[in-house]
Amino acid sequence: MVNRVGPILVEGPVEVVGDDGTTTRSDRFVVAICTCRRSRTYPWCDTSHRRRKPAGPSESRPDGRQPQEGEEDPRS
């Protein structure tokens with residue numbers, strides 16, 4: 001399962017083929033691939049996901065996870 005809040009770390013070198021067919025390559029040993037699509041250097045992560053406003057107490061679950069779409073809140 002991929003966490004859409006942060007990047008995917010992949011051992012390089014890596015080639016990423018975008019939806020439009022463009023290929024982007026990195027020769028680094030480890031590459032952070034963006035999953036949130038906020039990165040200015042997409043498909044590479046630039047830590048833009050960190051600027052996301054943290055969830056308030058009414059939005060988070062007791063175990064610290066965010067509720068998924070369509071999932072019932074166990075507190076209700």
Side-chain angles (χ1 to χ4, degrees):
M1 185 163 130
V2 174
N3 182 350
R4 297 283 179 175
V5 178
I8 298 172
L9 297 179
V10 180
E11 290 185 21
V14 174
E15 278 189 6
V16 175
V17 179
D19 293 335
D20 62 357
T22 59
T23 301
T24 309
R25 181 172 172 78
S26 174
D27 291 322
R28 294 180 174 222
F29 293 106
V30 176
V31 177
I33 298 176
C34 176
T35 59
C36 71
R37 294 188 169 255
R38 292 185 182 110
S39 176
R40 291 186 194 113
T41 60
Y42 187 81
W44 316 123
C45 179
D46 67 359
T47 68
S48 293
H49 60 276
R50 293 182 185 169
R51 291 192 292 271
R52 183 177 183 181
K53 182 179 171 184
S58 64
E59 298 176 25
S60 61
R61 296 174 19 162
D63 60 5
R65 293 181 25 222
Q66 294 298 315
Q68 301 297 315
E69 187 175 329
E71 181 179 26
E72 285 188 31
D73 187 342
R75 296 173 295 172
S76 18

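Both backbone and side-chain heavy atoms feed into the values below; hydrogens, waters and symmetry mates do not. Start at 1 with the first residue, then count along the sequence.
At a threshold of 4.5 Å between side-chain heavy atoms, the hydrophobic network of Ile, Leu, Val, Met, Phe, Trp and Tyr places Leu9 and Trp44 in two separate groups.
In plain terms, the two heavy atoms of Ser39 and Ser48 that are nearest each other are CA-OG, 3.7 Å. For His49 against Pro7, the heavy-atom pair with the smallest separation is CE1-CD, 3.5 Å.
The environment of CG in Asp19 is sparse: at most 12 heavy-atom neighbours from other residues, nucleotides or ligands sit within 6.0 Å.
Side-chain N or O atoms of Ser26 include none that pairs as donor or acceptor with a backbone N or O of Val14 at under 3.5 Å.
Only one option out of Val31, Thr24, Thr22 pairs with Pro43 in a side chain to side chain contact (heavy atoms under 4.5 Å, CB included); it is Thr24.
A distance of 9.5 Å separates CZ in Arg40 from OG1 in Thr47, rounded to the nearest 0.5 Å. Between the OG1 atom of Thr41 and the CG atom of Asp46 there is a distance of 4.0 Å, given to the nearest 0.5 Å.
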